[in-house]
Chemist: 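My questions will all concern the structure given below.
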Amino acid sequence: TKQALSQAYLSIIILNNPTNNTKTYTINNRSNENKLFFGENLNSQQIKINIPAQSSTPISLLSQSPQDTQSTTFGIQTN
């Protein structure tokens, strides 16, 4: 249950780069009510990030909808 109109959910998904090369990933958010971003820093909501080989990074969500129940649609693109 949401506690306020704007609420953060940190590290809801972990994105892995299983390759042997650094990859650039971009979040393509298709939701107007939620913001997805790499990392956990609300003051630096990055939607594009370089992930080194054999590393991972969290994806977090900032909900700005007044609804208690909601969904979001997004894609992740890589180079």
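Throughout, numbering of the chain's residues begins at 1 and tracks the sequence. Fair warning: this is a prediction, and the values are worked out from it, not measured in the lab.
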Chemist: Please check: side-chain N/O of Gln54 versus main-chain N/O of Pro18, any donor-acceptor pairing under 3.5 Å?
Modeler: yes

Chemist: Measure the shortest side-chain to side-chain distance between Ile27 and Ile59 over non-hydrogen atoms and say whether it is less than 4.5 angstrom.
Modeler: yes

Chemist: Starting at OG1 of Thr57, measure out to CD1 of Ile13 and round the result to the nearest 0.5 Å.
Modeler: 12.0 Å

Chemist: How close do Ser56 and Asn16 get, heavy atom to heavy atom, and via which atoms?
Modeler: CB-OD1, 2.9 Å

Chemist: Kindly give the heavy-atom pair with the smallest separation between Ala53 and Asn21, and that separation in Å.
Modeler: CB-N, 3.5 Å

Chemist: Only distances under 3.5 Å count here; give the side-chain donor-acceptor pairs of residues 72-79 to other protein atoms, sequence neighbours excluded, each with its distance to 0.1 Å.
Modeler:
residue: Thr78; atom: OG1; partner: Thr24; partner atom: O; Å: 3.2
residue: Asn79; atom: OD1; partner: Thr24; partner atom: N; Å: 3.2

Chemist: Within this structure, what is the CG-CG distance for the pair Asn50 and Asn17, rounded to the nearest 0.5 Å?
Modeler: 10.0 Å

Chemist: For a quick test of your reading: what N or O donor-acceptor pairs under 3.5 Å do the side chains of residues 35-49 make, sequence neighbours left out?
Modeler:
residue: Glu40; atom: OE2; partner: Ser11; partner atom: OG; Å: 2.1
residue: Asn41; atom: OD1; partner: Asn43; partner atom: N; Å: 2.8
residue: Gln45; atom: NE2; partner: Leu42; partner atom: O; Å: 3.1

Chemist: State, to 0.1 Å, how close Leu10 and Ser60 come at their nearest heavy-atom pair, and which atoms those are.
Modeler: CA-OG, 3.3 Å

Chemist: How many angstroms lie between CG in Leu61 and CG in Asn34, if you round to the nearest 0.5 Å?
Modeler: 4.5 Å

